[in-house]
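Encoded as structure tokens, the structure appears first; notes follow it.
Note that the coordinates shown come from a computational prediction; the quantities given were computed from them, not determined experimentally.
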Amino acid sequence: MRTSSDMRGRGGALPSPNAFLCGHCNRTVPGDAPGTQHRNHCPHCLWSLHVDLRTGDRRSGCHGRMEPVGVAVRYDGDWALLHRCQSCGLIRMNRIAGDDNPMALLSLAVRPLGKPPFPMDQLPRLIPGVEEVEP
């Protein structure tokens, strides 16, 4: 694991307070996250670490890598990421941040469309009134 001294720039200073290296993509992640009080995932690859028992407390002993597995729309209309811990299986919802990679978010959002839970050729049979289209 890299230390904060590994992330220091030319002047020897950290990019921002609480900055860290992403455990998935190895990029430096700033400590501040626009639109949220607690930085809880990498804005580049959207991966996280299981470090909280409750949001922001940093008290979890698991420290497993948390894979972004989906997006959800919160009650207030904001998007949130769904993360699943690869160590313990916990699923947690985390608000997206203003600097999150929009293409990574959209890619995650449309992922279910690329892997529907049924064979696409059965779609006409599943929807009444839809006729099968010949190729």
Test side-chain contact (heavy atoms from CB on, under 4.5 Å) applied to Leu46 and Asp100, step by step: CA-CA 7 Å; Leu46 308 179; Asp100 285 347; 4.0 Å; yes
Could you pull out all residues at least two apart from Pro119 that satisfy side chain to side chain contact (heavy atoms under 4.5 Å, CB included)? Asp121, Gln122
Mind checking who shares a hydrophobic cluster with Val110, ILVMFWY linked at side-chain heavy-atom distances under 4.5 Å? Leu113
With the side chain counted from C-beta on, respond yes when Leu82 and Val71 share a heavy-atom pair under 4.5 Å apart, and no when they do not. no
Would you please name every residue forming a side-chain hydrogen bond (donor to acceptor under 3.5 Å, both in side chains) with Arg27, sequence neighbours left out? His44
If you look only at pairs with a residue in residues 64-74, which of them pass as a side chain to side chain donor-acceptor pair (under 3.5 Å), with sequence neighbours excluded? His24-Arg65
Check the hydrophobic clustering (I, L, V, M, F, W, Y; side-chain heavy atoms under 4.5 Å; chains of links allowed) and say if Val69 and Met93 are grouped together. yes
Rounded to the nearest 0.5 Å, what separates atom SG in Cys45 from atom CG in Asn101? 9.5 Å
Residue pairs meeting ring-ring contact (aromatic ring centres under 6.0 Å, His included), one or both in residues 79-103, sequence neighbours left out, come to His41-His83
Nearest 0.5 Å, please: how far is CZ in Arg92 from OG in Ser60? 7.5 Å
Listed once per pair and sorted, the salt bridge (charged side-chain N to carboxylate O under 4.0 Å, His left out) pairs that draw on residues 34-55, sequence neighbours left out: Arg39-Asp99, Asp52-Arg58
Here the pair of heavy atoms bringing Val29 nearest to Cys42 is CG2-SG, 3.9 Å
Applying side chain to side chain contact (heavy atoms under 4.5 Å, CB included), name anything that partners Ser107, two or more places apart in sequence or on another chain. none
Looking only at heavy atoms, which two atoms of Cys85 and Gly64 are closest? And how far apart? SG-CA, 3.9 Å
Test side-chain contact (heavy atoms from CB on, under 4.5 Å) on Cys88 and His50; report intermediate values, then the result. CA-CA 9 Å; Cys88 72; His50 187 181; 3.5 Å; yes
Tell me the closest heavy-atom pair linking Arg95 and Asn40, and the distance in Å. O-OD1, 4.2 Å
With a 4.5 Å cut-off on side-chain heavy atoms, are Leu81 and Leu105 touching? yes
